[in-house]
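Each remark here refers to the structure printed beneath this line.
Sequential numbering from 1 along the given sequence is applied to the chain's residues. What you see is a predicted model; the values in this text were computed from it and never measured.
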Amino acid sequence: MKHVIIGNGIAGVCAAEAIRLLDATADITIIGDETFPPYSRPMISYVLAGSQPHGKLPIRSAHFYEEQKITPLLGRRAGSIDVDSRQVLLADDTRIDFDRLLIAAGADPRPLKAEGLELKNIFYMRTQEHAKQQVAALDGARRAVVLGGGLVGFKAAYGLLKRGLAVTMLITSGYPLSMQVDETAGRMILDELIRHGLTVQVGVTVRGFEGSGSIQAAVTDAGTRLPCDMVIIGKGVLPCRTFIPKGQIEVDLGVVVDEHLQTRVPGIYAAGDVAEMVDIARGCRWVNALWPEAAGQGRVAGLNMAGRPVAYPGSLSRNVMRVFDLDVFTVGIADPREDAGYRVVQTGGAARKYYRRLVLKDDLLVGAVMINRIEQGGVLRSLIENRIPIRLPPEALIAPGFNFGRLLF
């Protein structure tokens, strides 16, 4: 059996290992557009901050491909998929035959539309090469602008601040982490960022960049000119899908898969940041571009490719992070539409340096946001994943000291 995996990230690596676990003789080929060995993408922000060296990024040994009997085609990008002939066409016109195919190509940074993007020292923050270039640009840099208030934007801003730069964050929404938290939590996080020395402007976009060869200023939509020596763009990601034949493989935002991670074409699977499947909290298809989701989906896809039917329960957004002196936990739907039948209960706020928000639909918990005292976050996640009915009045759940563990039994 010839297995081909498009993508050398955590989803592709976990899939290859699962296949090899079940089939010692399978022919496995991994296609990856980077030449660096498999590495931890979440750790590149630590490289920028200087808390971890670049050499700590790899997640597998230098002999990984040899030990797993994998043929690596690195520095190569998939150009298209010929579904009928069961071949992957690379950008250089090379054709790779497959019996089973996994699309685990991940995601690319969401492109920014602005003038002057060709100037030096303007970076996206997605790959180890981006991190290497950013660290090299720190020499002599004093001021930086970070675009985006999501997780990538925050991590970039934190890393640059740790390096001693004056950092300005420009956020299009009204508060940071708007895709993960509600407004109350977002305002608490905004105050914390400012308190620790970041300059944050909300409701702002960039229309262009100025400089002679290298970046010298970012220009906002209001015409404000912000002098800077480097820019990091952290405006989110989009699934890599340009090479996928949409008339044959169903594609929405991502590649649509069933509970076995299989597309509507038998023998072709998708996993990781490129895959779209049922979201447990939302009850509809969603793309959750998260490292643990990619790892889990990759393993399940690999098992199915190797002939062992295993169902994936669905994806679920969740994050645990420390924002300076705030511990932040978020899972599921944080800020639902008011007219969608959800019920929200919350307590705390900035004055108490503590916040808890629970989102319920019918008698099920579907989302939560916690700032500080987040020890029970794992229990909340379990309640959502296992769809455990909650019979108590919602107000009782936000009482001080309430033990969510009692709801699991």
For Asp191, salt bridge (charged side-chain N to carboxylate O under 4.0 Å, His left out) partners two or more places apart: none
With no hydrogens and no angle check, is any side-chain donor or acceptor of Arg241 less than 3.5 Å from a backbone partner on Leu253? yes
Test item: side-chain donor near acceptor, Asp229 and Asn121, under 3.5 Å: no
Is the side chain of Asp279 donor-acceptor paired with the backbone N or O of Ala281 at a distance under 3.5 Å, no angle test? yes
Using atom types as modelled and distance alone, determine if a side-chain donor or acceptor of Asn403 lies under 3.5 Å from a backbone N or O of Gly405. yes
Report, as yes or no, whether the 6.0 Å neighbourhood of atom OH on Tyr158 holds more than 12 heavy atoms from other residues, nucleotides or ligands. no
Any Lys/Arg nitrogen of Arg60 or Glu67 sitting under 4.0 Å from an Asp/Glu carboxylate oxygen of the other? no
Are Asp327 and Arg373 within salt-bridge range, i.e. N to O under 4.0 Å? no
Per the side chain to side chain contact (heavy atoms under 4.5 Å, CB included) rule, which among Val256, Val255, Val257 passes with Ile249? Val255
In terms of the angle between their ring planes, are Tyr124 and His130 parallel, tilted or perpendicular, with boundaries placed at 30° and 60°? tilted
Is a donor on one side and an acceptor on the other found under 3.5 Å between the side chain of Arg100 and the backbone of Ala306? no
Phe98 six-ring face occupied by Arg86 cation (under 6.0 Å, within 45°): no
Would you call Glu17 and Arg20 a salt bridge, taking side-chain N to carboxylate O under 4.0 Å as the test? no
Can you see which heavy atom on Asn8 is nearest to which on Gly32, and at what distance? CB-CA, 4.1 Å
Does a donor on one side chain and an acceptor on the other come within less than 3.5 Å for Glu183 and Tyr175? no
For a quick check under 3.5 Å, do Asp221 and Thr205 share a side-chain donor-acceptor pair by atom type? yes
Residue pairs passing the salt bridge (charged side-chain N to carboxylate O under 4.0 Å, His left out) test where at least one lies in residues 101-118, sequence neighbours excluded: Arg77-Asp108
Does the side chain of Lys56 come under 3.5 Å of the side chain of Ser40 through a donor N or O and an acceptor N or O? no
Electrostatic pair Asp27-Lys69, nearest N-O below 4.0 angstrom: no
When you measure from the side chain of Arg357 to the backbone of Ala334, do you find a donor-acceptor pair of N or O atoms at a distance under 3.5 Å? yes
Residue pair Asp97 / Gln87, side-chain donor-acceptor N/O under 3.5 Å: yes
If you measure from the Lys or Arg side-chain nitrogens to the Asp or Glu carboxylate oxygens, is any gap between Arg76 and Asp92 under 4.0 Å? yes
